[in-house]
Amino acid sequence: MASGGFGFRAYTLFDTLVWIACLNVLWMAFTVLGGVVLGIGPSTAAAHILVRDKVRGNAAPLMRRFAKEYFKNFGKGNALGLPLIAVGVALTLNWGYFSAGWDFGSQIASAGILMAALFAAGTVCYLFPMFARYELSLPQYFLMSSRFAMRHLAGTVILLFVTAAALFVCRSVPGLIPFFGIGAWLYVTGWLCDRFFTANDEAMSAAASAPSATAVGPVSTTTHSTEASLV
């Protein structure tokens with residue numbers, strides 16, 4: 001029994017690692033297919049859709065499903081990804097400019113840019129997992145992911161820690177990047193966000209149903225939007 005249980009866990013771990021490695025290769029290949037700049041957003045969107053299916057136990061042919069979601073969400077993926085790239089470039093350039101100065105104003109500005117970068121990174125960690133889970137308009141994805149990052153600070157800190165750890169490992173062992181660098185980060189953050197969103201939806205659903213349980217007399221039914229369930 002014990003050895004069988006260990007064997008099953010070992011097989012599950014190995015299967016997950018192979019899946020992550022394949023996801024990593026597909027993400028890089030399709031990112032290059034889109035010319036890198038136009039490929040990052042659709043590749044990340046497709047990857048998070050597959051991660052959500054994976055953590056929920058829904059098996060699907062990885063390459064075929066990735067390609068399908070990539071081309072299906074090419075426009076939306078770029079609508080989400082290109083603004084993030086622009087913000088990232090702007091923050092990097094401004095950080096490089098102000099951090100080089102030693103006067104008080106430059107140090108204050110560089111500290112503000114660092115805080116903005118942390119907030120942007122936290123928002124990005126939620127953005128594509130939210131796209132994989134909810135049906136919202138494109139502006140709402142940015143709004144709701146930023147609001148979720150601010151209102152659920154514990155989860156945001158965890159995601160930022162995972163992101164920092166992934167960057168540290170990739171810098172320390174560059175050979176992991178072609179196999180697990182991006183795929184592992186996508187899988188772990190997608191898994192965590194799925195848990196965070198589920199817990200939040202359950203809490204919001206319980207809060208919404210609580211008044212109806214104690215109300216006296218007829219209660220009108222209301223339809224809660226997906227946006228309301230997020231925050």
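All residue numbers in this chain count up from 1 along the given sequence.
- Side-chain contact between P178 and V25 is absent, with no heavy atoms from C-beta onward closer than 4.5 Å.
- You'll find the side chain of F119 stays beyond 4.5 Å of the side chain of T156, heavy atoms only.
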| query | Taking it one step at a time, do V51 and W19 satisfy side-chain contact (heavy atoms from CB on, under 4.5 Å)? | reply | CA-CA 10 Å; V51 167; W19 191 91; 4.0 Å; yes
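- Summarising the geometry, atom CG belonging to L167 is positioned 10.5 Å from atom OG belonging to S172; distances are rounded to the nearest 0.5 Å.
- Separating the OG atom in S43 from the CZ atom in F74 is a distance of 9.0 Å, to the nearest 0.5 Å.
- Residues M28 and V32 fail the side-chain proximity criterion, which asks for heavy atoms closer than 4.5 Å.
- Residues F197 and Y134 bring their aromatic ring centres within 6.0 Å.
- The same ILVMFWY cluster, assembled from side-chain heavy atoms under 4.5 Å apart, contains both I182 and L62.
- The backbone N or O of M130 sits nowhere less than 3.5 Å from a side-chain atom of Y141 that would complete a donor-acceptor pair.
- At a threshold of 4.5 Å between non-hydrogen side-chain atoms, the residues E69 and D53 do not count as touching.
- Judged purely by atom type and a 3.5 angstrom limit, S146 uses its side chain to pair as donor or acceptor with the backbone of F142.
- In the hydrophobic cluster analysis, where Ile, Leu, Val, Met, Phe, Trp and Tyr join through side-chain heavy atoms closer than 4.5 angstrom, M115 is grouped apart from L159.
- Under the 4.5 Å side-chain contact rule for hydrophobic residues, F98 and L114 share a cluster.
- The hydrophobic clustering, which links ILVMFWY residues whose side-chain heavy atoms are closer than 4.5 Å, places L13 and F180 together.
- At a threshold of 4.5 Å between non-hydrogen side-chain atoms, the residues L192 and F196 count as touching.
- Counting only N and O atoms by type, the side chains of W95 and S110 include no donor and acceptor under 3.5 Å apart.
- Each of L84, L186, I49, T189 was compared with F128 under the side-chain contact (heavy atoms from CB on, under 4.5 Å) criterion, and only L84 meets it.
- Using the six-membered ring where Trp is involved, F30 and F71 have ring planes that are perpendicular, over 60° apart on the 30 and 60° scheme.
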Report the C-alpha separation of R133 and T198 in whole Å, then their side-chain angles, then the decisive distance to 0.1 Å, and conclude whether the side-chain contact (heavy atoms from CB on, under 4.5 Å) test is met.
CA-CA 10 Å; R133 183 182 180 103; T198 298; 3.2 Å; yes
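- Of the inter-residue distances, the one linking L23 atom CG with Y187 atom OH reads 10.5 Å to the nearest 0.5 angstrom.
- Ring-plane geometry between F66 and Y70 is classed as parallel, the angle between the planes falling under 30 degrees on a 0 to 90 degree scale with a further cut at 60.
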- Query: Please walk me through it: do D15 and K54 pass salt bridge (charged side-chain N to carboxylate O under 4.0 Å, His left out)?
  - Reply: CA-CA 11 Å; D15 178 71; K54 176 68 173 177; 3.2 Å; yes
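- Interatomic distance, Q140 CD to R147 CZ, rounded to the nearest 0.5 Å: 9.5 Å.
- In M150, the CE atom is crowded: over 12 heavy atoms of neighbouring residues, nucleotides or ligands sit closer than 6.0 Å.
- With rounding to the nearest 0.5 Å, the separation of CG in L118 from OG1 in T123 is 10.5 Å.
- Linking Ile, Leu, Val, Met, Phe, Trp and Tyr whenever their side-chain heavy atoms come within less than 4.5 Å leaves V37 and L91 in two separate clusters.
- Residues I20 and G183 approach most closely at CG2-C, 3.5 Å, considering heavy atoms.
- Put simply, CG on L50 and NZ on K68 are 10.5 Å apart, with the number rounded to the nearest 0.5 Å.
- Of all heavy-atom pairs between A132 and R52, the closest is O-CD, 3.7 Å.
- Side-chain atoms of N78 come within 3.5 Å of backbone atoms of L38 as a donor-acceptor pair (strictly under, hydrogens ignored).
- Of all heavy-atom pairs spanning G181 and C170, the tightest one is CA-SG, 3.7 Å.
- Counting heavy atoms from C-beta outward, N24 and W185 have side chains that stay 4.5 Å or more apart.
- Annotation for C193 and C125: closest pair SG-O, 3.4 Å, computed over non-hydrogen atoms.
- Taking the side chain as every heavy atom from C-beta outward, I40 and L82 never approach each other to under 4.5 Å.
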